[in-house]
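Below: one structure, written as structure tokens.
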Amino acid sequence: MYYKRSSYFPSILLSINHSIRLLVELKDDVSHPLNRTIVLSPRFHLPPTLYTQNLTLISSCNGFICLFNGSRDAVEHSIYISNPLLGEYFEVKLPKWEKRIQRVAYAFCFSETSGQYKVLRSVVSKFKGRPHVSELEVYTLGVDEKWRNVGEVPEPLCGLFCKANVNGVVHWMSSEKNDSIYSFNSWTEEVKSMLAPRGLTTSSYGLTLVELGNCLCLCDTYHSEYIDIWWMKEYGIAESWTKDRIWKDTIQPDISCDRFIPISTWKDGEILMQRYRGTHVVSYNPKEKKFTKVKVYLGFAGTSYIPSFYSLKTVIGENLQVSYAYPKIEIV
């Protein structure tokens, strides 16, 4: 019942100053039905012990979030898995840093087939007399004792995986060309490529892969007057790409020319979007073809999230240590 309700009134994780994140629940303000004002109310926080660290939210799966502490080219960095609702967190043991490594990128995914959570790690290395090599490593929570190498893959765009996780498949694009989309299947651990929509004129840096309504979408947010969203109606079928052009003329004039990145879909197919590197959140109604401003606390970036009451122990098992941000209460 809770998950059905959460899909209609989703939550959003917001980051502030790259280090603090807030969990806010989205809901209609029934006291103002005419202007459709949307209210965001604070609910939960991440473990206080992690507040002071320079954390980057990688992605979330079923209420668990993956956090990166450090920079992509830093020798000293760490990965945490957390359930912010229960105040639980677990530090993932990373491989030893090697001098040949230039930079790393991480992703977090879940396989419904196996019921396993996995952390992906793209490692870009430099060898003498050879071009840079990008390899993909995998760590299965509660199963693997060490990271496993699954082979060479194209480097993720800007060193970051996209948050488009569709049915346990992680996606990303290469910075060199915009005609292909790469994927990692969390069940089979296969890396594949598929064709992007034809005729794209925007470079990969202006494109964003997202998951909207369990559909893989490619968003062209580079234009000042409109947003193009390509929907892959049948997953893996390049011919099924369908484009929707959204005009931004109903967004307040002082910010309408900025980039707006889709976050998620919610009630009646509306699309939540956040201003790129800004604090404005809007909701687009495809039936009325209008934007509604969302009242939101100041935040640097937003991510769709559904809280979970499952403990991390159900994922990592009893042999690994789970840390708690709050006093543990035993019910006798």
Between Y80 and Y89, what is the ring plane arrangement, given parallel below 30°, perpendicular above 60°, and tilted in between? perpendicular
Can you tell me how the ring of F110 sits relative to the ring of Y117, calling it parallel under 30°, perpendicular over 60° and tilted otherwise?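 Judged by the thresholds at 30° and 60°, the geometry between F110 and Y117 is tilted.
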Shortest non-hydrogen separation from F64 to S311 and the atoms involved: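 Closest approach of F64 to S311: CZ-O, 3.8 Å.
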Closest approach of S134 to S122 (non-hydrogen atoms, all atoms of both residues):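 Shortest heavy-atom contact: OG-OG, 3.2 Å.
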Heavy-atom count around E112 CD within 6.0 Å, excluding the residue itself: above 12?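 Count not over threshold, so no.
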Under 4.5 Å between side-chain heavy atoms, hopping through other hydrophobics if needed: is there a path connecting W187 to F184? no
Using the rule that two of Ile, Leu, Val, Met, Phe, Trp, Tyr join whenever any of their side-chain heavy atoms come within less than 4.5 Å, decide whether Y226 and L272 are in one cluster. no
Determine yes or no for a side-chain-to-main-chain donor-acceptor pair under 3.5 angstrom, with [X] supplying the side chain and [Y] the backbone.
X: S59; Y: F108; answer: yes
X: E137; Y: W147; answer: no
X: S240; Y: M232; answer: no
X: N62; Y: S308; answer: no
X: S82; Y: E88; answer: yes
X: T221; Y: R259; answer: no
X: S183; Y: V169; answer: no

For residues 235-249, which residue pairs qualify under salt bridge (charged side-chain N to carboxylate O under 4.0 Å, His left out), counting only residues two or more places apart or in two chains? D228-R245
Less than 3.5 Å apart, which donor and acceptor atoms pair up between the side chains of residues 191-200 and the rest of the protein, not counting sequence neighbours?
none

